**Student:** 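The structure follows.
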Amino acid sequence: MGDYTLRCVAGGETLPEQYTLSCKEHAGLIRTEYAAKQLTVRPELPGIFRYIDWLPVHGTLPTRARPVTFRSESLCRELGLPNLWVTFTGYYPERDCFVATGSFKELEALPTTVRLAENGGGTMVVASAGNTGRAFAQMAVEFGTPVIIVVPASSAKSLWTVTEPKQPDAIKLITVRGDYTDAIAVANRITERPGHVPEGGAKNVARRDGMGTVMLDAAVTIGRMPDHYFQAVGSGTGGIAAWEAAMRLASDGRFGSAVPRLHLAQNLPFTPMVNAWKERRALLLERDMPDAAEAIAQVSAPVLTNRAPPYSMPGGVFEAMMYCGGDMYAVSNADARDAGRLFSDAENGIDLDPAAAVATAALISAVNCGAVDHRDTITLNITGGGYARVREELGVFPVPVTATVNADEVPEV
Ligand SMILES: Cc1ncc(COP(=O)(O)O)c(C=O)c1O
């Protein structure tokens, strides 16, 4: 279970596993290759670990968090899509979804926490726009794993846990006067200190394969890979993860051989990957994200505002899009809000993360412009939702701020 090797995408060589994030010889991503060529689902294991065959871990953690795929009859009817499936990662007890921090970032945090513990341990340093940090904060309070979380000051309110901290020192929360990309820069400087390990973002195979369980859950539940996959992206890591999981499913042989087309959405007016995708592989600062600070301040889904996504690099978003086909969508706040309302009306009043509302709006736009046929099998990745229910039913404990710094500072932690 979980036996794997690491391989450099660009150079093809195998790499030792020491919580390895990159190849010293080549730029780009590294990837896992699993001993199990066919997926055995293990429902006896907790939560996401039912997919341990294709996660880079040997052990598990006690959790109920996992993606859950279901058919929303009401949404199918509303959109005229009889073969629409929702893969939901959030808190929605009526649908058996128990992700307490409400987003698919818990799918990254769980295997990453195990992978680090199995490969040397250390204090994890995580840069986040909010949701990733909250997921790792929850890991820290549940399992005592030390973490330093670095977020833009405007995201501090997103940092809470549903378990009262017993070891308050396990979490250090640094807020940065700047945006998400500034938070990444501060986090990188903290990891230069001994004993501090960068979580790795898109480079972390545990993060990607954890996110890839969305595609696994969809294929296993539907009985085949979908024709289309919809997700809102900031870094695009979820899109890369969907592609990688689809390639594994194609080799498995039981879920079809055609990988799903990727439909990835960003939130207007900050849409760098949408802009680049129309023209080229390179992501250009001046062309694709002019007036970035102003644009970032206007989006309704701040988690989608990464200024340095792994778009052009070997194994990155551009290659995923070229391999799978599909399209990118620029979604306005108003369209996202309407789509979020539509979902909420269809599904017991469940509130969506603004990012998941962006993905839903992209699906509606694809239907309207004929990019999907109404009979196609579609997976809509609802990457977060049910926050109101979490607050009502579980209660939340805000994570206190340890220090606030400027983007060019290194905090004392
Ligand atoms: C709820 C939610 N949806 C979507 C995304 C985008 O994920 P990515 O671009 O890393 O795949 C994020 C990122 O933080 C998120 O929190």
Side-chain angles (χ1 to χ4, degrees), residues 29 65 67 86-91 97 99 101-109 112 126-138 149-152 155 158-159 179-181 183-184 199-204 206-215 229-245 262-267 270-274 277 283 296 299-311 316-318 320-321 328-329 331 336 339-340 343 350-362 380-387 390:
L29 298 181
V86 169
T87 303
F88 188 96
T89 312
Y91 191 77
C97 306
V99 178
T101 61
S103 91
F104 81 149
K105 296 295 169 174
E106 245 179 85
L107 305 181
E108 310 168 7
T112 296
V126 181
S128 168
N131 290 345
T132 307
R134 190 169 63 251
F136 276 96
Q138 184 63 29
I149 301 164
V150 190
V151 299
S155 299
S158 309
L159 271 287
D179 67 12
Y180 176 32
T181 310
I184 293 173
E199 179 272 329
K203 293 182 185 162
N204 172 9
R207 172 186 276 232
R208 300 211 307 279
D209 293 354
M211 287 173 143
T213 62
V214 169
M215 181 63 80
Y229 169 91
F230 282 80
Q231 194 204 307
V233 291
S235 72
T237 308
I240 301 168
W243 166 44
E244 292 173 332
L262 297 182
H263 300 263
L264 306 182
Q266 298 209 278
N267 192 183
F270 187 75
T271 56
M273 287 192 278
V274 184
W277 172 245
L283 194 71
I296 286 173
V299 301
S300 61
V303 294
L304 304 181
T305 57
N306 188 323
R307 284 190 277 128
Y311 177 78
V317 177
F318 180 83
M321 290 292 296
M328 293 232 181
Y329 300 77
V331 172
F343 186 96
I350 286 291
D351 58 320
L352 290 190
D353 189 291
V358 165
T360 309
L380 171 61
N381 185 353
I382 293 292
T383 47
Y387 300 118
V390 171

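Hydrogens, waters and symmetry mates are skipped; everything else that's a heavy atom, side chains included, is used. Read the numbers this way: they start at 1 and go in the same order the structure lists the ligands and their atoms. If you're wondering where the values come from, they're calculated on a predicted model, not measured in any experiment.
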**Student:** So between Gly90, Gly238, Ala232, whose heavy atom ends up nearest atom 6 (C) of ligand 1?
**Tutor:**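 Minimum heavy-atom distance to atom 6 (C) of ligand 1 goes to Ala232.
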**Student:** Ligand 1 and Gly236, any nitrogen or oxygen pair closer than 3.5 angstrom?
**Tutor:**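 Looking only at distances, the answer is yes, because the N/O contact criterion of under 3.5 Å is met.
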**Student:** Working to the nearest 0.5 angstrom, can you tell me the gap between Lys105 NZ and Arg134 CZ?
**Tutor:**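 Spacing of NZ (Lys105) from CZ (Arg134) equals 11.0 Å.
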**Student:** Decide whether the shortest distance between a heavy atom of Ala356 and an atom of ligand 1 is less than 4.0 Å.
**Tutor:**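 Heavy atoms of Ala356 never come under 4.0 Å of ligand 1.
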**Student:** Is the contact between Asn131 and ligand 1 made by the side chain, the backbone, both, or neither, using heavy atoms and a 4.0 Å cut-off?
**Tutor:**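 Looking at Asn131 and ligand 1, just side chain atoms fall under 4.0 Å.
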**Student:** Run the side chain to side chain contact (heavy atoms under 4.5 Å, CB included) test against Ala245 and tell me which residues pass, sequence neighbours left out.
**Tutor:**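 With neighbours one apart ignored, the set is Met215, Leu216.
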**Student:** Once you round to the nearest 0.5 Å, how far does OG1 of Thr112 lie from CZ of Phe136?
**Tutor:**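 These two atoms lie 4.5 Å from each other.
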**Student:** Can you tell me how the ring of Phe343 sits relative to the ring of Phe88, calling it parallel under 30°, perpendicular over 60° and tilted otherwise?
**Tutor:**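 Phe343 vs Phe88 ring planes: parallel.
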**Student:** To check your reading of the model: name the closest protein heavy atom to atom 10 (O) of ligand 1, its residue, and the distance in Å.
**Tutor:**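 Here the nearest protein heavy atom works out to Ser235 OG, 2.6 Å.
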**Student:** State the atoms of ligand 1, each with its element, that fall below the 4.0 Å cut-off from a heavy-atom position in Asp353.
**Tutor:**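 Numbered from 1, ligand 1 contributes 1 (C).
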**Student:** On a heavy-atom basis, I'd like to know which of Lys105, Met211, Gln231 is closest to atom 14 (O) of ligand 1.
**Tutor:**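 Minimum heavy-atom distance to atom 14 (O) of ligand 1 goes to Lys105.
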**Student:** Are any of the N/O atoms on Arg207, whether in the backbone or the side chain, positioned under 3.5 angstrom from an N/O atom of ligand 1?
**Tutor:**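 No - when backbone and side-chain N and O of Arg207 are compared with those of ligand 1, no distance drops under 3.5 Å.
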**Student:** Who's the nearest protein heavy-atom neighbour of atom 15 (C) of ligand 1, and how far?
**Tutor:**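 Protein heavy atom with the smallest distance to atom 15 (C) of ligand 1: Val303 CG2, 3.6 Å.
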**Student:** Determine whether the side chain, the backbone, both or neither of Thr383 has a heavy atom under 4.0 Å from any heavy atom of ligand 1.
**Tutor:**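 Both the backbone and the side chain of Thr383 come within reach of ligand 1.
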**Student:** Indicate yes or no: does an N/O atom of Leu304 lie under 3.5 Å from an N/O atom of ligand 1?
**Tutor:**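 No - when backbone and side-chain N and O of Leu304 are compared with those of ligand 1, no distance drops under 3.5 Å.
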